[in-house]
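Reading through the structure tokens given below for one structure.
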Amino acid sequence: MEKEKKPSSVSGDFENKLAELQRIVARLENDSDVTLEDSIALYESGLKIAKGCVDDLGLLSARIAELNKQLDLVFGDNDEA
């Protein structure tokens with residue numbers, strides 16, 4: 001069961017990270033009151049979140065590849081019958 005929960009958890013985490021990254025970008029683009037130090041901190045945080053998104057996409061991509069393998073096995077079995 002844990003394997004079934006993990007992909008949806010990664011997906012949810014990805015969506016949350018992406019939303020946070022969008023908030024950071026919007027703040028950097030639109031908030032003229034952000035100090036230079038705050039801008040640097042936000043940028044650094046954004047980079048960490050972006051790396052997490054890339055890592056999550058890698059996990060999700062691997063999961064999709066595994067599902068496609070399983071699908072190929074199912075259809076491969078039907079072709080031989």
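On a predicted model such as this, the values are computed, not experimentally measured, just so you know. For reference, positions follow the sequence shown, starting with 1.
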Identify each donor-acceptor pair in which a side-chain atom of residues 32-41 lies under 3.5 Å from a protein atom, sequence neighbours left out, and give them as a table.
from: Thr35; atom 1: OG1; to: Asp38; atom 2: N; distance (Å): 3.0
from: Thr35; atom 1: OG1; to: Asp38; atom 2: OD2; distance (Å): 3.2
from: Ser39; atom 1: OG; to: Thr35; atom 2: O; distance (Å): 3.0

Task: Where Ile24 and Leu42 come nearest, the two heavy atoms and their spacing - done: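 Heavy-atom minimum between the residues: CG2-O, 3.5 Å.
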- [ ] Answer yes when Asp13 and Lys17 have at least one side-chain N-carboxylate O distance shorter than 4.0 Å, and no when they do not.
- [x]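 So Asp13 does not pair with Lys17 through a salt bridge.
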TODO: Using a strict 4.0 Å threshold on nitrogen-to-oxygen distance, state whether Glu20 and Arg23 make a salt bridge.
DONE: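 Looking at Arg23 together with Glu20, the answer is yes, because their closest N to O distance falls below 4.0 Å.
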List for me each residue that meets side-chain hydrogen bond (donor to acceptor under 3.5 Å, both in side chains) alongside [X], sequence neighbours excluded, and say none if there are none.
{"X": "Lys48", "value": "none"}
{"X": "Glu15", "value": "none"}
{"X": "Asn16", "value": "none"}

So, using side chain to side chain contact (heavy atoms under 4.5 Å, CB included) as the criterion, who are the partners of [X] when residues are at least two apart?
{"X": "Leu21", "answer": "Ile49, Ala50"}
{"X": "Leu18", "answer": "Phe14, Gln22"}
{"X": "Gln70", "answer": "Glu66, Leu67"}

Task: Beyond-backbone contact of Arg63 with Leu59, side-chain heavy atoms, under 4.5 angstrom - done: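 A side-chain contact is absent here, since even the closest heavy-atom pair is not under 4.5 Å.
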- [ ] Look up atom CG in Asp56 and atom OG in Ser61, then write down how far apart they are to the nearest 0.5 Å.
- [x]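 Going from CG on Asp56 over to OG on Ser61, the span is 12.0 Å.
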